[in-house]
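Note on naming: letters A, B, ... go to the chains in the order of the sequence lines (proteins, then strands), and numbering restarts at 1 for each one. The structure presented is a predicted model; accordingly, all values stated were derived computationally and were not measured.
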There are 2 protein chains.
Amino acid sequence: MSQGNRKLRLYVTIGQRLFRDSLLFQLLLHSDIDLVGESESGIDTLNRLESAKPGVLIIEENLLDNDGLTIAENALSMHPTLSILLISDTPVSASRLAIYLESGIKAVVSKHQPIQDLVKTLFYIRNGQVYVGAWNKPDTPSQGLINAYHALSGREREVAEMIANRTPIKEIAAQLGVSCKTVHSYKDRIFIKLGFERLPELILFMKRHHNGAAA
Amino acid sequence: MSQGNRKLRLYVTIGQRLFRDSLLFQLLLHSDIDLVGESESGIDTLNRLESAKPGVLIIEENLLDNDGLTIAENALSMHPTLSILLISDTPVSASRLAIYLESGIKAVVSKHQPIQDLVKTLFYIRNGQVYVGAWNKPDTPSQGLINAYHALSGREREVAEMIANRTPIKEIAAQLGVSCKTVHSYKDRIFIKLGFERLPELILFMKRHHNGAAA
DNA sequence: CACATTTGTAGGAATTTCCTACAACAGATT
DNA sequence: AATCTGTTGTAGGAAATTCCTACAAATGTG
């Protein structure tokens, strides 16, 4: 099976159900993610890796029963090909990061980073590559995304705003005097240019972008 | 505007960006949720409620700068019609719950509850009704959902499993010797019977249900 | 046995997704 | 000024998905 269409076998260790649920839900919207298991405790994770056979493990740094880093190190010694993404409570210092990388952890994402960072990182490390950051200022759409938005044509921005306001496609078409197919084409192009896949991404971006410091 | 199609004006106060993002993303998949603002701190929330005019505020109990309950009480005194859903770190005791309800908080959802509880609660309290729980055992699909699953016909369960395994609709149709339209009809009925709206809900349920204690 | 409900199956219409196409426009180059 | 290239505005085709409806056969109930 080629690299391109191989599923990402994911195991997730997050203590709080609400957080784990909402993260899992979002990741499972991606069709090439295969959830092979989940735990709230480190010890359960260690017990289940053998049968679950994940390629990527997402694990919190601060678990209830254990230090996530310790669990991660144990997991790596048992499964050297496993790629681990550590979720830290705070942005990590350079010295701390060096320790993690030395342990074999492939990525660290802080809980203060946007979800897009975690998703991007996830697909980045599934091939075993190493990723570290956050380099974007939290709570602000990245400059690249803002640039991409400003690069949209006037008509595209007009349609983006209406779509983000949940205006029905038929109503947008009527107001702009174009066909529904045209509005769909615009939506298609907007999502491609901004790198979005789903409507909530656009809604959140437009909300945050127009409010400046609203987040 | 009738109650039925009124949008739910939502403001969310959650300190950690990753958690807030994934929760917001999921809530915004619902077309009748209108996000009017978000903050990571209680003080920002109090400053923005006047202009944001939310109907429902979701706020964490433990914020970085303040006690969520204090912020919630302040918010309520400024905006008596606001419905507040408090996210607690731990399941709350009956005595603690009484305090919250006395403060005018409409619902408390613990971080150890499934996301469906929060979503259900959200739509429950938007009309001002009071909701408290969790009554379901965490990390286990509720008994009602399991009962609903067992009430599916054999064919429905067969199709549910294949869909949850991300088998393409065309392949399911070919394997079962029926048309694609038939498979879509089955999917439609399965989602209605189980109360699901999107594929990740089914995937997570099937994964957890078949694994028993896997979560 | 009669009746009601469920199951298995599938079509119609509308919407959405993915892709392609083309004329007009705008900017860059010669 | 002419030509070339890329972008914009617009929209169709085909396939997939959603929402809804329909019907014969099977099953369950009284």
Exercise: do [X] and [Y] side chains pair donor with acceptor under 3.5 Å:
{"X": "T13(A)", "Y": "T45(A)", "value": "yes"}
{"X": "T182(A)", "Y": "S185(A)", "value": "no"}
{"X": "E156(A)", "Y": "Y149(A)", "value": "no"}

(message) Against the six-membered ring of F191(B), is K193(B) placed for a cation-pi contact (under 6.0 Å from the centre, within 45° of the normal)?
(response)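 So K193(B) doesn't make the cation-pi contact.
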(message) Between dA11(D) and S179(A), counting only base atoms on the nucleotide and side-chain atoms on the residue, is there a donor-acceptor pair under 3.5 Å?
(response)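 Checked by distance alone, the answer is no.
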(request) Using only side-chain N and O atoms of K187(A), determine if any of them is under 4.0 Å from OP1 or OP2 of dT17(C). (result)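 Answer yes for this pair, as a side-chain N or O of K187(A) is under 4.0 Å from OP1 or OP2.
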(request) Could you tell me whether the phosphate oxygens of dT10(D), OP1 or OP2, come under 4.0 Å of any side-chain nitrogen or oxygen in T182(A)? (result)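 The answer is no; no side-chain N or O of T182(A) sits under 4.0 Å from OP1 or OP2.
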For the pair made of [atom1] in [X] and [atom2] in [N], what is the distance, rounded to whole Å?
{"X": "E158(A)", "N": "dT8(D)", "atom1": "CD", "atom2": "P", "answer": "14 Å"}
{"X": "Y186(B)", "N": "dA16(D)", "atom1": "OH", "atom2": "P", "answer": "20 Å"}
{"X": "L176(B)", "N": "dG8(C)", "atom1": "CG", "atom2": "C1'", "answer": "11 Å"}
{"X": "Q175(B)", "N": "dT9(C)", "atom1": "CD", "atom2": "P", "answer": "14 Å"}
{"X": "I190(B)", "N": "dG8(C)", "atom1": "CD1", "atom2": "P", "answer": "10 Å"}
{"X": "H184(B)", "N": "dT16(C)", "atom1": "NE2", "atom2": "P", "answer": "16 Å"}
{"X": "R157(A)", "N": "dT7(D)", "atom1": "CZ", "atom2": "P", "answer": "16 Å"}
{"X": "E156(A)", "N": "dT10(D)", "atom1": "CD", "atom2": "P", "answer": "11 Å"}

(request) Starting from the 5' end of DNA chain D, give me the residue, R189(A) or K181(B), whose nearest nucleotide shows up first. (result)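 In this pair, the answer is R189(A).
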(request) State which of dA10(C), dC18(C), dT7(C) makes the closest approach to the side chain of K193(B). (result)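 Looking only at heavy atoms from C-beta outward on K193(B), the closest nucleotide is dT7(C).
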(request) Measure from the side chain of R155(B), starting at C-beta and using heavy atoms only, and say which of dT9(C), dC20(D), dT17(C) lies closest. (result)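 Closest nucleotide to the R155(B) side chain: dT9(C).
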(message) Set out, in order, the CA-CA distance, both residues' side-chain angles and the distance that settles side-chain contact (heavy atoms from CB on, under 4.5 Å) for M162(B) and V183(B), then state yes or no.
(response) CA-CA 10 Å; M162(B) 296 175 90; V183(B) 179; over 6 Å; no
(request) Give S153(A) one of three labels, base, sugar-phosphate or nothing, depending on what nucleic acid heavy atoms sit under 4.0 Å from its own. (result)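 Sugar-phosphate only.
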(message) With nearest nucleotide decided by heavy atoms, which residue, I169(A) or G154(B), maps closer to the 5′ end of DNA chain C?
(response)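 On the 5' side of the pair lies G154(B).
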